[in-house]
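In what follows, a structure is listed as structure tokens, so that the remarks can point back to it.
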2 protein chains.
Amino acid sequence: MPTPLDPDMFDPVCPSTLMPLRFADKWAGMVIRCLEQGPRRFSELRVPLRSVSAQSLTTSLRHLRRDGIVVRTERPGPERHVEYALTPLGQSMLPVIEALCAWSADHWDELLDAREASAGQVRT
Amino acid sequence: MPTPLDPDMFDPVCPSTLMPLRFADKWAGMVIRCLEQGPRRFSELRVPLRSVSAQSLTTSLRHLRRDGIVVRTERPGPERHVEYALTPLGQSMLPVIEALCAWSADHWDELLDAREASAGQVRT
DNA sequence: CTGTATCCTCCAAGATACTG
DNA sequence: CAGTATCTTGGAGGATACAG
């Protein structure tokens with residue numbers, strides 16, 4: 001028998017309440033993974049994230065910059081060169097993101113099977 | 001210097017591509033945490049999730065059921081009694097959710113500080 | 001190359017009221 | 001108690017075209 005739930009378990013000022021916000025961004029996790037090994041250029045990021053539009057990538061990067069997870073650096077030179085890299089805060093997210101991806105890789109089939117099995121049983 | 005990014009790093013059929021989907025649900029993570037210690041009733045879940053509307057909670061629970069993360073059990077008896085519990089698949093998510101919450105607890109202040117510091121520097 | 005400017009569609013999520 | 005029904009709003013995210 002579980003104990004009663006703490007009403008303040010998810011107090012509005014508790015960080016865990018806000019936890020999902022950063023992951024509501026569809027591309028945020030993938031962008032962070034792309035920066036794992038070092039700085040990348042805008043066009044480099046678009047390679048693995050093939051289905052992202054320039055506009056969506058721009059938005060994601062802006063949100064990540066605003067939250068101190070990514071830094072943008074404009075390198076001087078004849079042709080334009082902009083780099084994005086993880087901040088220390090961003091790097092601290094890597095283990096969490098990896099865990100998330102590992103879970104997906106390990107259990108995604110189960111989830112899809114369950115979804116198929118429940119077709120018609122559970123309303124959409 | 002990082003090596004070039006693998007174009008198939010996030011292949012459309014790769015689970016990690018779909019990873020963020022489950023966390024796009026604002027309440028999913030919190031519901032799962034509420035079920036950590038055992039089955040809970042609908043009204044019990046509404047206690048810690050004070051700001052959730054009945055309708056949103058219903059929707060979240062339906063999605064979680066559809067994906068095989070939560071099961072719904074209707075207990076017979078004179079008065080109505082419905083319980084929600086984690087499936088084994090749902091339980092396998094717990095460590096990941098905990099990691100997410102721990103990260104938030106540890107770094108949320110940094111994120112908020114960065115957000116404030118970048119006010120005006122980065123467009124919203 | 002690195003974005004911006006528009007426009008559009010879809011859906012998450014809240015408010016409110018109601019039901020067996 | 002455990003939801004459903006309806007309506008509304010906001011914002012995410014894609015398409016397309018254009019700019020410095």
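Atom pair Glu44(B):CD and dC1(D):P shows a separation of 10 Å (rounding to whole Å applied). Atom P of nucleotide dT4(D) and atom CG of Leu57(B) are separated by 11 Å, given to the nearest angstrom. With rounding to whole Å, Phe42(A) atom CZ is found 6 Å from dG3(C) atom P. Between the CD atom of Gln55(B) and the P atom of dC7(D) there is a distance of 13 Å, given to the nearest Å. Look at CG on Leu61(B): it is 15 Å from P on dA12(C), rounded to the nearest Å. Put simply, CH2 on Trp27(B) is 9 Å from C1' on dA13(C), counting in whole angstrom units. Rounded to whole Å, atom C1' of dA12(D) lies 15 Å from atom CG of Leu64(A). Atom CZ in Arg40(A) sits about 13 Å away from atom P in dT2(C), given to the nearest Å.
When distances are taken from the side chain of Ser56(A) to each of dG14(D), dC1(C), dG3(D), the shortest belongs to dG14(D). Closest approach to the Arg80(A) side chain among dT2(C), dC1(D), dG13(D) is made by dT2(C) (side chain taken as heavy atoms from C-beta onward). When distances are taken from the side chain of His63(A) to each of dG3(D), dA12(D), dG14(D), the shortest belongs to dA12(D). Minimum atom distance to the side chain of Lys26(A) is reached by dG14(D), of the listed dT4(C), dA12(D), dG14(D).
Across all strands, Ser43(B) comes closer than 4.0 Å only to sugar-phosphate atoms, never to a base (heavy-atom distances). Residue-level contact check: Arg75(A) touches neither bases nor backbone, having no heavy atom under 4.0 Å from any strand.
Residues Asp11(B) and Arg50(A) form a side-chain contact, since some pair of their non-hydrogen atoms from C-beta on lies under 4.5 Å apart. Between Phe10(B) and Leu49(A) there is a side-chain heavy-atom pair separated by less than 4.5 Å.
Trp27(B) is linked by a ring-ring contact (aromatic ring centres under 6.0 Å, His included) to nothing, counting only residues two or more places apart in sequence or in another chain.
Under 4.0 Å is where a charged nitrogen must lie from a carboxylate oxygen, and between Arg72(A) and Glu83(A) no such pair does.
Applying the 4.0 Å criterion to OP1 and OP2 of dC1(D), one finds that Arg41(B) has every side-chain N and O outside that range. Close to dC1(C), at under 4.0 Å from its OP1 or OP2, lies no side-chain N or O of Tyr84(A). Within the structure, every side-chain polar atom (N or O) of Arg46(A) is placed at least 4.0 Å from both OP1 and OP2 of dC1(C). A close approach under 4.0 Å does occur between a side-chain nitrogen or oxygen of Arg62(B) and OP1 or OP2 of dT4(D). When the side-chain nitrogen and oxygen atoms of Arg72(B) are compared with OP1 and OP2 of dA2(D), none of them lie within a distance under 4.0 Å. In terms of phosphate contacts, Ser53(A) brings no side-chain nitrogen or oxygen within less than 4.0 Å of OP1 or OP2 of dA15(D).
In Glu74(A), the CD atom is crowded: over 12 heavy atoms of neighbouring residues, nucleotides or ligands sit closer than 6.0 Å.
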